[in-house]
Amino acid sequence: MAMVTNWMSQTLPSLVGLNGTVISSEGTHERIVSGLYPGSEEGWQVYSTASDPDGRCVCTVVAPARNLCKRDPRSRQLRLLTEQVCVCVCNVSQSMEVVDLRTSRDLQYVRDSEPLLRGVDGRLQTYVANPRTLTTKGLQELKGQMSQLRPLLSVVEQYRLDLQTLATLRLELLNLSIILAAIQEEVGAYDYEELQQRVLLLETRLHSCMNKLGCGRLTAVSTPITVRASGSRFGSWMTDAMIPSSDSRVWSMDGYYKGRRVLEYRTMGDFTKGQNFVQHLLPHPWAGTGHVVYNGSLYYNKHQSNILIQYHFRSRSVLLQRSLSGAGYNNTFPYSWGGSSDIDLMADEMGLWAVYTSIPNAGNIMVSRLDSRSLEVLRSWDTGFPKRSAGEAFMICGTLYVTNSHLAGAKVHFAYHTNSSTYEYTDVPFHNQYSHISMMDYNPRERALYTWNNGHQVLYNVTLFHVIRSDG
C-alpha cells in the first residue's frame, strides 16, 4: 500500500522534532501530515515533539482532537479561565516589576540622603538644647540642607501610593487563586491515567513513524527563526550533520577570507547565549563559507586553492587533504554574492557532497558525491545551471536545491535530482529577513536549513513530500 505523506520538520531555538497527525481522505490515498498515527476518529493527535535548548525532550499532545473539543462546553470554559489567568499573571508581574524597580531606586536615594539627615538632626538637637548657638549663618545652612531633603517628601508620597498598589495586587492574587481553583475543577474531569497511557502509545508510534520516514521532496520553507545575531556580514554556523548522532555541539566560523578561528559551543543554548565555548585554530585558513561538520570533523576549502581539508575536532589535527580536481577557486566561479564561494561542501541523508564548477563545464554547477574517509569523488553530475546565477545551494535527499538570489525576494527555483539525473524549475519562496544570505545548508539530522544572514544566525524548518510504502 502506498501512502502519500508530508513531513513538516519543526525546529525550536535549538533542535528539531516531528509534527502532528492530521489525516484527511484524498481519493484512494491517505494524505497524512507528518505522521502515521491514529486518525481524527480516535480523537488524539501528536502535535509536536522537539528538544529545548537544554536538550530536554518536549512533546505536545492535543487531546482530544479539536473537532471533539469544540463540542465540549468545558473546553470553552477552560480556555476562558486560562486567558483570565494569563491576563492576571501579566498584570501582577508588570506591577511587581514597576514597584520593585522604583523601590530599589528610592531606597538608594534614601541611603544617599542618610548622612544629610543625620547632620540636620544633630544640628537641630544642638539648637534645641542651646538656642543661643543658632546664628544667622547657621540658620541659612540649615535651610539649605532642608531644601536638599525636600525631594524625600515625594519619595514618601510614592511609598504611600505603592502601598495602594500592593493592596490591589493582593486582590489580583486572590482572584488568581479563585480562577486556578476553577481550572483545577474543570481539568479534574479528565482521566489523567488514561491520558498518560495514550501519550505513551503515541510516543511509541511516533518513533516508529520516524524510522519509516525516508527522503522527500522540498515543498515549503517555514518563516525564519533568528537564533542569534553575532559576527560580521559573512560567515557560517552548523551542527554535526551525521545521522545518527548525539553530538549537541555548535560551531561558528566568522568571515569568508583567510579565517582560521572556529568557535565550538557545548550546546545550542550556549551558542544562543554566547557562552561555554572553546576555540580551534585551524592550521590552514579557509576560503568561502561552504564548510560542513560531518561525523566529528570539519570539512572545508583551503584558502586560494581547490584543496579540501578534513580537520578532526577532538584530536585538533588535520586527518586528510585532497585536491578537488578541476574545481575553480579564488572567486573564479562563486555564487552571486562572491566571497570566494567557489567550493561549497555539504551533507544530507546520503552523505558528503561538493558543489562547485570548472572551466570545462562552462561555469555550470557540478555536484560530486564524496567519500568522507578519503575525499575521493565517487560520482559527479553536471546540472547545467550557471553557478554565478545562484544565490546559494543545499542538498536534501540527493537533490540539489538552488536559490535564485542571496538578496530579498529570494526563492528556491531550481532542483537537480541526482538519482535520476534530471532537473526541474521550482517555486518555493522563503523570507530573507535580513536581506543578505552568505550561507545556507541543510542539516539532515535536524531536518532544518541553517543560514548566515547579514550577521544573523537563522534557522528554517522545511516541509518534505514523502511517498511511504508499507506491507499490506
Side-chain angles (χ1 to χ4, degrees), residues 232-238 241 251 253-262 280-294 297-311 318-347 351-372 374-395 400-403 405-406 414 416 418 436-441 451-452:
S232 64
R233 191 178 189 185
F234 312 96
S236 61
W237 71 294
M238 64 217 80
W251 293 270
M253 302 169 68
D254 190 12
Y256 69 84
Y257 182 75
K258 295 180 67 174
R260 294 178 60 199
R261 191 173 73 127
V262 182
H280 297 268
L281 193 62
L282 300 177
H284 306 288
W286 72 67
T289 60
H291 329 299
V292 64
V293 174
Y294 189 75
S297 290
L298 170 69
Y299 295 83
Y300 70 97
N301 174 213
K302 183 178 178 181
H303 175 62
Q304 288 190 335
S305 74
N306 59 10
I307 294 175
L308 309 182
I309 294 179
Q310 179 189 5
Y311 174 85
V318 171
L319 299 184
L320 195 62
Q321 295 188 58
R322 182 180 290 274
S323 173
L324 185 60
S325 180
Y329 60 92
N330 200 24
N331 272 329
T332 304
F333 297 109
Y335 289 125
S336 61
W337 64 273
S340 299
S341 56
D342 302 75
I343 298 176
D344 192 359
L345 300 175
M346 55 191 71
L352 193 63
W353 301 83
V355 171
Y356 60 100
T357 191
S358 63
I359 293 177
N361 292 100
N364 292 332
I365 291 179
M366 289 285 297
V367 182
S368 291
R369 176 90 181 275
L370 303 179
D371 185 333
S372 62
S374 64
L375 289 178
E376 291 182 357
V377 174
L378 302 177
R379 185 179 174 185
S380 297
W381 294 261
D382 185 345
T383 66
F385 191 92
K387 192 164 186 289
R388 287 183 175 274
S389 298
E392 271 291 339
F394 53 91
M395 297 289 297
L400 177 73
Y401 293 94
V402 181
T403 69
S405 174
H406 62 284
F414 179 84
Y416 186 88
T418 60
H436 197 287
I437 293 177
S438 59
M439 167 259 180
M440 175 176 270
D441 270 340
T451 67
W452 188 290

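Each residue takes its place number in the sequence, starting with 1.
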Check against side-chain contact (heavy atoms from CB on, under 4.5 Å), Trp251 and Trp237
CA-CA 5 Å; Trp251 293 270; Trp237 71 294; over 6 Å; no
Looking only at heavy atoms, the pair that brings Lys387 and Val355 closest together is CE-O, 4.3 Å
*asked:* Looking only at the aromatic ring of each residue, does the gap between the centers of His284 and His303 stay below 6.0 angstrom?
replied: no
Are the side chains of Leu375 and Leu352 in touch, meaning some heavy atoms are under 4.5 Å apart? yes
On a heavy-atom basis, the closest approach of Pro285 and Arg260 is CA-CG, 3.6 Å
Rounded to the nearest 0.5 angstrom, the OH-CH2 distance for Tyr257 and Trp286 is 13.5 Å
Note to self: I'd like to know whether Ile309 forms a side-chain contact (heavy atoms from CB on, under 4.5 Å) with Leu320, so could you lay out the CA-CA distance, the side-chain angles of the two residues, the decisive distance to 0.1 Å, and finally the verdict.
What the structure shows: CA-CA 6 Å; Ile309 294 179; Leu320 195 62; over 6 Å; no
Is the closest side-chain heavy-atom distance between His436 and Phe234 below 4.5 Å? yes
Mind listing the side-chain donor-acceptor pairs of residues 364-371 below 3.5 Å, one per line with the distance, residues two or more places apart or on another chain?
{"from": "Asn364", "atom 1": "ND2", "to": "Asn361", "atom 2": "O", "distance (Å)": "3.4"}
{"from": "Ser368", "atom 1": "OG", "to": "Tyr356", "atom 2": "OH", "distance (Å)": "2.7"}
{"from": "Ser368", "atom 1": "OG", "to": "Ser380", "atom 2": "OG", "distance (Å)": "2.6"}
{"from": "Arg369", "atom 1": "NE", "to": "Met350", "atom 2": "O", "distance (Å)": "3.2"}
{"from": "Arg369", "atom 1": "NH2", "to": "Met350", "atom 2": "O", "distance (Å)": "2.5"}
{"from": "Asp371", "atom 1": "OD1", "to": "Arg373", "atom 2": "N", "distance (Å)": "2.8"}

Note to self: Classify the ring geometry of His280 against Tyr311: parallel below 30°, tilted from 30° to 60°, perpendicular beyond 60°.
What the structure shows: perpendicular
Here the pair of heavy atoms bringing Pro283 nearest to Val318 is CG-CG2, 3.3 Å
Taken to the nearest 0.5 Å, the spacing of Trp452 CH2 from Ile437 CD1 works out to 13.5 Å
When rounded to the nearest 0.5 Å, the distance separating CE of Met253 from OH of Tyr300 is 7.5 Å
Can you tell me if His406 uses its side chain to pair, donor with acceptor, with the backbone of Thr403 under 3.5 Å? no
The complete set of salt bridge (charged side-chain N to carboxylate O under 4.0 Å, His left out) pairs with one or both residues in residues 318-347, sequence neighbours excluded, reads Arg322-Glu376
When every non-hydrogen atom of Ala393 is compared with those of Asp441, the smallest separation belongs to O-OD1, 4.1 Å
In Tyr335, Tyr401, Phe333, Phe414, the residue satisfying ring pair (Phe, Tyr, Trp, His ring centres under 6.0 Å) with Phe385 is Phe414
Heavy-atom nearest pair, Ser341 first then Pro334, reads OG-CB, 3.4 Å
Examine distances only and state if a side-chain atom of Ser297 and a backbone atom of Tyr294 form a donor-acceptor pair shorter than 3.5 Å.
-> no
inquiry  = Can you tell me if Leu281 has over 12 outside heavy atoms packed within less than 6.0 Å of its CG?
reply    = yes
Smallest heavy-atom separation, Ser372 atom then Gln310 atom, equals O-OE1, 3.8 Å
Whether over 12 other heavy atoms sit under 6.0 Å from Arg261 CZ: no
Please check if the side chain of Asn331 supplies one atom and the backbone of Ser340 the other of a donor-acceptor pair under 3.5 Å. yes
To the nearest 0.5 Å, atom CD of Glu392 lies from atom OG of Ser405 at 11.0 Å
To the nearest 0.5 Å, atom CG of Leu345 lies from atom CG of Leu324 at 8.0 Å
Rounded to the nearest 0.5 angstrom, the OG-CG distance for Ser323 and Asn306 is 3.5 Å
